Amino acid sequence: MTIDPATVRAFAPNGTLRASINLGNPILANTDKASGAPVGVSVDLARAFAERLGVALELVVFDAAGKSVEAVAIEQADIGFFAIDPVRGAQIAFTEAYVLIEGSYLVRESSPLQHNDDVDREGTTVAVGKGSAYDLYLTRELKHARIVRAPTSPTVVQTFLEQNLDVAAGVRQQLEADSRTHAGLRLLPGRFMVIQQAMGTPKTRGADAADVLRGFVEEMKASGFVADALRRHGIEGASVAPAAPAA
């Protein structure tokens, strides 16, 4: 893939590619315990894309999806890694998904809720991470239950417990880990949504830049790069997204 110099400048006008990294989703990125540096699938993809462009890489790190999205939307970052959502799509050009992640509900063992369809009832309170894909999706889909927004996705279960809420919603892997830490919790069977995680860039960077980023993601899926990164970082609960439909 040969990239036109004008497109390189569109991504990195100052010679450095700024990648927005969300540490609030442990499937995509986390902090290395030894070095304290960000690591994960999104970091690997950011590094590979910077190498493809032939520019330096700067990681712009956030603790929540909403903050990470905003950084790209207002061009404080050049690329980012987000769940595809029409609200976000107003300002960000998305690639096709590179990873699929399950969204699940967590309740107390004593909860009368047994299935995902039981959640949307009057009087039910649901904790979600503010600005996360789950927040955006459930805000559209829940007609009766009340949403309570935790500051970040990793603090959803803490908010759920402290405020004595009925349901915690989020990344299945994160909820499973929290349920092992706090006794008396269980996941509802199945999933209430599948998150399509994609790369994105500000729409102001132009159609050529968006096309280059889409092509890069498709190459990374087809080559096995994404699958290898998931294995290397020990990620479970996520799968490589299928190839994009032919144009």
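Keep in mind that this is a model prediction, so the values were computed, not measured. Residue numbers count from 1 along this sequence.
Side-chain atoms of D4 and T7 include no donor-acceptor pair closer than 3.5 Å. A donor-acceptor contact closer than 3.5 angstrom is absent between the side chains of Q174 and S153. Under 3.5 Å, the side chains of H233 and D44 contain a donor-acceptor pair of N or O atoms. In this structure, a donor-acceptor pair under 3.5 Å is present between the side chains of R149 and T139. Between the side chains of D166 and T124, not a single donor N or O lies within less than 3.5 Å of an accepting N or O.
Contact check on K130 versus D135 returns no salt bridge, with no Lys/Arg side-chain nitrogen under 4.0 Å from an Asp/Glu carboxylate oxygen. Electrostatic pairing of E219 and R52 counts as a salt bridge here, judged by a charged N lying under 4.0 Å from a carboxylate O. Under 4.0 Å is where a charged nitrogen must lie from a carboxylate oxygen, and between K67 and E70 no such pair does. Taking a cutoff of 4.0 Å between a charged side-chain nitrogen and a carboxylate oxygen, R205 and D78 qualify as a salt bridge.
Distance CD/E176 to OG/S104: 7.0 Å, rounded to 0.5 Å. Atom CD of E122 and atom CZ of R146 lie 11.5 Å apart (nearest 0.5 Å).
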Handout entry: Stepwise salt bridge (charged side-chain N to carboxylate O under 4.0 Å, His left out) check, D85 with R88
Key = CA-CA 5 Å; D85 185 271; R88 297 170 175 175; 5.5 Å; no

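Q197 places no side-chain N or O within donor-acceptor distance of the main-chain N or O of L100, the cut-off being under 3.5 Å.
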